[in-house]
Student: 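Structure incoming, see below.
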Protein chains: 2
Amino acid sequence: MTTDIPRPTGVQSLARAFGVLESLAELGGEAGLSELAAATGLAPGTIHRLVRTLVDLGYLRQLPSRRYTLGPKLVGLGETAAHQFGRWAQPVLAELVAQIGETANLALLDGDQAVYVAQVPSPHSMRMFTEIGRRVPVHCTGVGKALLSALPAAESAAIVARTGLPAVTPTTITDPAAFAAEIAEAHVRGYVLDEGEQETGVRCVAAPVVGPGAGDNRAAVSVSGPTSRMDDATITRIAPLVVAAGRRLGALLATA
Amino acid sequence: MTTDIPRPTGVQSLARAFGVLESLAELGGEAGLSELAAATGLAPGTIHRLVRTLVDLGYLRQLPSRRYTLGPKLVGLGETAAHQFGRWAQPVLAELVAQIGETANLALLDGDQAVYVAQVPSPHSMRMFTEIGRRVPVHCTGVGKALLSALPAAESAAIVARTGLPAVTPTTITDPAAFAAEIAEAHVRGYVLDEGEQETGVRCVAAPVVGPGAGDNRAAVSVSGPTSRMDDATITRIAPLVVAAGRRLGALLATA
DNA sequence: GTGGCTTTTCCGCATCATGGAATGTAGAGT
DNA sequence: ACTCTACATTCCATGATGCGGAAAAGCCAC
């Protein structure tokens with residue numbers, strides 16, 4: 001490269017290696033060397049050396065067909081990372097559960113989906129099955145809609161354009177205009193509801209994690225429970241609590 | 001470094017960076033710079049540059065306290081990797097389901113727990129709720145015990161010592177001696193049974209993934225279904241099939 | 001058998017990462 | 001409140017290290 005930005009570079013081989021990993025993920029998790037070269041714009045020789053190193057380390061795996069896939073070690077690291085995320089969020093989520101009595105979740109925006117990274121289950125015996133690490137669509141979940149509501153309108157529109165609005169339950173919002181209105185309203189109101197749009201019988205209040213340092217961090221909190229316990233009065237009562245939790249988590253992330 | 005092995009190295013900055021990530025994971029997911037320097041044996045300046053790059057890329061996160069934790073991007077990569085794992089295992093699992101008619105799972109050992117990375121559900125309407133990415137204890141699950149049975153005895157004993165043997169159902173094995181015997185028997189027999197030890201009414205046959213390339217890869221297959229359909233005769237019939245699937249998956253991993 | 005394709009290896013050049021020492025900062029101890 | 005220590009961060013000259021073009025080796029299809 002002749003003219004890149006003067007100084008914002010860190011360790012370049014590292015940035016490139018992770019670029020390869022990300023490209024591989026975008027390419028569906030499996031790709032040949034030349035596909036990676038095309039995707040990253042690097043010379044074949046360079047990519048090969050990078051990739052060989054990653055294979056040696058166990059973060060990439062080479063198939064008999066000589067193509068490459070993501071390796072097992074990444075699963076472990078990712079899991080550890082998800083747990084770690086849970087750790088700092090845990091106190092805030094636990095407080096939510098204590099105040100509200102329903103399961104609280106933290107999710108991150110990853111690509112065009114939301115991924116759950118932390119959870120504190122409700123004390124009730126009738127629990128919710130939100131698994132850590134699970135990925136869900138953004139358009140039919142509380143956390144997903146909360147994540148979108150915190151994004152610039154153009155960006156959230158782009159995501160919706162890519163994923164579409166497939167119906168998951170009878171109450172899933174499938175009309176683009178109605179969905180845009182929902183997001184816009186959530187943006188000004190600060191929280192969003194999920195009326196059984198992902199799973200019938202489950203109501204959910206969600207709010208984005210907002211704050212100075214949350215820019216890169218696209219996260220959202222939610223509280224969800226069965227419709228029987230989540231009546232309108234309850235929702236009205238807990239919405240501010242969820243919003244406050246989002247702010248608190250944002251402050252934790254922000255730091256400084 | 002003055003005298004390392006002449007040439008078997010790949011890209012060293014990469015190896016070091018991933019070493020940092022692994023050290024961080026081993027240190028409980030959170031560490032200061034000097035702890036990392038001590039753990040990896042590198043100079044503080046070197047680590048700092050590496051770490052700064054990773055922070056810029058989003059794979060690491062710096063806390064207010066100036067300490068470091070694993071970043072959100074790792075969660076996403078790990079998830080993608082786990083899904084990818086499902087892809088190559090899918091054919092083998094699907095064949096198991098075709099032969100047996102019950103849900104087949106693939107799990108990896110991660111730390112002291114087992115994590116499910118792939119699943120093919122049974123055609124029966126009464127299905128099992130094994131979520132991809134879910135973590136389960138090793139002592140009360142088929143896959144967990146199968147994983148242990150493939151480990152050196154010392155290592156599996158160390159895991160059990162750390163996790164203990166908490167009862168999850170009335171049939172969970174809680175006696176250390178009985179558990180050790182169970183693992184030893186599984187080691188020679190090649191497969192292991194789960195008699196509702198994790199969930200009442202669910203029986204399960206599991207076998208480790210074994211083979212030349214499986215060394216680092218700690219994986220196990222399982223087939224599970226309701227007790228009503230999993231009688232003794234069925235178990236006897238399907239156990240060899242599960243074992244064979246474990247071997248086949250091991251061969252796939254080995255490759256070359 | 002032959003041709004195009006991708007993957008892999010090689011090698012000289014300059015860049016890029018390196019790590020020790022210097023500076024800045026936070027928190028503990030007195 | 002002040003100092004002292006320990007840690008995180010920045011700087012810089014050195015040379016080892018990663019870079020990428022081009023050539024070799026394989027693979028597959030025709």
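So that the names make sense, note that chain A is the first sequence line, chain B the second, and so on, each numbered from 1.
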Student: Heavy atoms from C-beta onward define the side chain here; which of dT8(C), dT18(C), dA17(C) lies closest to that of His48(A)?
Tutor: dT8(C)

Student: Enumerate, atom names and distances included, each donor-acceptor pair closer than 3.5 Å involving a side-chain atom of residues 36-50 of chain A, sequence neighbours excluded.
Tutor:
{"residue": "Thr40(A)", "atom": "OG1", "partner": "Leu36(A)", "partner atom": "O", "Å": "2.8"}

Student: What side-chain donor-acceptor pairs closer than 3.5 Å can you find for residues 28-35 of chain A, not counting sequence neighbours?
Tutor:
{"residue": "Glu30(A)", "atom": "OE2", "partner": "Arg67(A)", "partner atom": "NE", "Å": "3.2"}
{"residue": "Glu35(A)", "atom": "OE2", "partner": "Gly32(A)", "partner atom": "N", "Å": "3.0"}
{"residue": "Glu35(A)", "atom": "OE2", "partner": "Arg67(A)", "partner atom": "NH2", "Å": "3.2"}

Student: Can you identify which nucleotide, out of dT9(D), dG20(D), dT18(C), has its nearest atom closest to the Arg16(B) side chain?
Tutor: dT18(C)

Student: Using a 3.5 Å distance criterion without hydrogens, assess whether the side chain of Thr53(A) forms a donor-acceptor pair with backbone atoms of Val11(B).
Tutor: yes

Student: Could you list all the ring-ring contact (aromatic ring centres under 6.0 Å, His included) pairs where at least one residue sits in residues 27-46 of chain A, not counting sequence neighbours?
Tutor: none

Student: Between P on dT10(D) and CD1 on Ile47(B), what's the gap in Å once rounded to a whole number?
Tutor: 16 Å

Student: Do side-chain atoms of His139(B) reach the backbone of Pro166(B) as a donor and acceptor pair under 3.5 angstrom?
Tutor: yes

Student: Starting from the 5' end of DNA chain C, give me the residue, Arg67(A) or Ser13(A), whose nearest nucleotide shows up first.
Tutor: Arg67(A)

Student: Applying salt bridge (Lys or Arg N to Asp or Glu O under 4.0 Å), can you list everything that pairs with Glu155(B), at least two apart in sequence or on another chain?
Tutor: Arg218(B)

Student: Mind checking what makes side-chain contact (heavy atoms from CB on, under 4.5 Å) contact with Ala104(A), not counting sequence neighbours?
Tutor: Leu93(A), Leu96(A), Val97(A), Val223(A)

Student: Between dT6(C) atom C1' and Leu42(A) atom CG, what is the distance in whole Å?
Tutor: 17 Å

Student: Checking Ala239(B) now: which residues fulfil side-chain contact (heavy atoms from CB on, under 4.5 Å) with it, not counting sequence neighbours?
Tutor: Tyr191(B), Val205(B)

Student: Rounded to whole angstroms, how far apart are CZ on Arg49(A) and C1' on dT17(D)?
Tutor: 9 Å

Student: For DNA chain D, which residues of residues 29-40 of chain A approach it to below 4.0 angstrom with any heavy atom?
Tutor: none

Student: Out of dT18(C), dT10(D), dG20(D), which has the shortest distance to the side chain of Arg52(B)?
Tutor: dT10(D)

Student: Rounding to 10 degrees, work out the angle separating the end axes of the helix from dG1(C)-dC30(D) to dT30(C)-dA1(D) (five pairs an end).
Tutor: 50°

Student: With respect to the phosphate group of dT9(D), does any side-chain polar atom (N or O) of Tyr68(B) fall under 4.0 Å of OP1 or OP2?
Tutor: yes

Student: For Tyr68(A), check ring pair (Phe, Tyr, Trp, His ring centres under 6.0 Å) against everything at least two apart and list the hits.
Tutor: none

Student: Check the distance between dC19(D)'s P and Gln12(A)'s CD and give it to me in whole angstrom.
Tutor: 9 Å

Student: Send over the distance from Leu14(A) CG to dT17(D) C1', rounded to a whole Å.
Tutor: 14 Å

Student: In whole Å, I'd like the distance from the CD atom of Gln62(A) to the P atom of dT6(C).
Tutor: 16 Å

Student: How would you list, by chain and number, every residue that makes a side-chain contact (heavy atoms from CB on, under 4.5 Å) with Val136(B), sequence neighbours excluded?
Tutor: Ala114(B), Tyr116(B), Arg134(B), Thr141(B), Gln198(B)

Student: Do Leu21(A) and Leu74(A) touch side chain to side chain, with heavy atoms closer than 4.5 Å?
Tutor: yes

Student: Report each atom pair, protein N/O against N/O of nucleotides 20-29 of chain C, whose distance is under 3.5 angstrom.
Tutor:
none

Student: Can you tell me the distance, in whole Å, between the CG atom of Leu50(A) and the P atom of dT7(C)?
Tutor: 15 Å

Student: Please enumerate all protein N or O atoms sitting under 3.5 Å from an N or O of nucleotides 28-30 of chain D, with distances to 0.1 Å.
Tutor:
none

Student: Any chance you could lay out the ring pair (Phe, Tyr, Trp, His ring centres under 6.0 Å) test for Tyr59(B) and Phe18(B), step after step, and finish with the verdict?
Tutor: CA-CA 11 Å; Tyr59(B) 292 95; Phe18(B) 277 102; 8.7 Å; no

Student: I'd like to know whether Val210(B) forms a side chain to side chain contact (heavy atoms under 4.5 Å, CB included) with Val243(B), so could you lay out the CA-CA distance, the side-chain angles of the two residues, the decisive distance to 0.1 Å, and finally the verdict.
Tutor: CA-CA 9 Å; Val210(B) 290; Val243(B) 172; over 6 Å; no

Student: Could you tell me the separation between the CD atom of Gln62(A) and the CZ atom of Arg52(A), rounded to the nearest 0.5 Å?
Tutor: 10.5 Å

